[in-house]
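Below is one structure, written out as structure tokens, with a few remarks after it.
Numbers here are sequence positions counted from 1. Hydrogens, waters and symmetry mates are skipped; everything else that's a heavy atom, side chains included, is used.
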Amino acid sequence: RIMSIKIRFGRIGDLPAIVDIYNYFVLNSIATFDLQPKKVEDRQKWFDVHVDNPRFPIWIAELVDEAKSECKMVGWATFSEWSDRPAYNATGELSIYVHHEHQRLGIGGKLMQIILDHAKEHKFHAVIGRVSETNDQSVAMHLKFGFFHVGQLREVGFKFGKWLGVEIFQKLLPLE
């Protein structure tokens, strides 16, 4: 059985599966500081900002079963505006979520590489990642891709009965 990972841009129809993947982390993880599961309609405005957006897109990772010609969404990523103030136009923030049953297969790394390639192509200078302080897997991935730990926000979120901090990672891209 031949399985492969395909990355494509998000499109109309992807939002329910995106919400399903995200809601697992809302309920079971500190990867997001949301406390209540989201409904598709709650995320529609956010999705509309990213779908068909050349600067700040959404990407979908699909597990493709070549033999059956079937695809299953196993992750997604976005590149977002860091701030709406014009001086920050060359800075973007990434988000990556991989389905909990498909982690440690290199999917997050493929999505990270797509984001960094996109940022270079669109002449971004700084890419920011915010990671909850005990998310060791995400910390390791940021470091592997050349991000530097540039700061920490201590005890800014409260989830699962404890205060949580956020680690800030940054990668500067060469100016050409």
Flag if over 12 foreign heavy atoms under 6.0 Å of CZ, Phe33
yes
Could you tell me the separation between the CZ atom of Phe145 and the CG atom of Leu94, rounded to the nearest 0.5 Å?
10.5 Å
Salt bridge (Lys or Arg N to Asp or Glu O under 4.0 Å) between Asp14 and Arg8, intermediate numbers included:
CA-CA 11 Å; Asp14 288 332; Arg8 63 168 174 79; 2.8 Å; yes
Donor-acceptor pair, distance only, cut-off 3.5 Å: does the side chain of His118 make one with the backbone of Arg55?
yes
Which label fits His100 and Tyr24: parallel for a plane angle under 30°, tilted from 30 to 60°, or perpendicular past 60°?
parallel
Other residues, nucleotides, ligands: >12 heavy atoms within 6.0 Å of Lys110 NZ
no
Under a 4.5 Å cut-off applied to non-hydrogen side-chain atoms, are Ile18 and Ile60 in contact?
yes
Following the transitive rule for hydrophobic clusters with a side-chain heavy-atom cut-off under 4.5 Å over Ile, Leu, Val, Met, Phe, Trp and Tyr, establish whether Trp59 and Tyr97 coincide in one cluster.
no
Side-chain heavy atoms under 4.5 angstrom apart, residues restricted to Ile, Leu, Val, Met, Phe, Trp, Tyr: same cluster for Leu143 and Leu173?
yes
Are any side-chain N or O atoms of Asn23 and backbone N or O atoms of Asp20, one a donor and one an acceptor, separated by less than 3.5 Å?
no
Side chain to side chain, Val40 and Phe47, heavy atoms closer than 4.5 Å:
no
Counting only N and O atoms by type, is there a donor-acceptor contact under 3.5 Å from the side chain of His149 to the main-chain atoms of Phe169?
no
Separation between NE2 (His122) and CZ (Phe56), nearest 0.5 Å, reads 9.5 Å
Do Leu111 and Phe124 belong together in a cluster built from hydrophobic side chains that touch within less than 4.5 Å?
yes
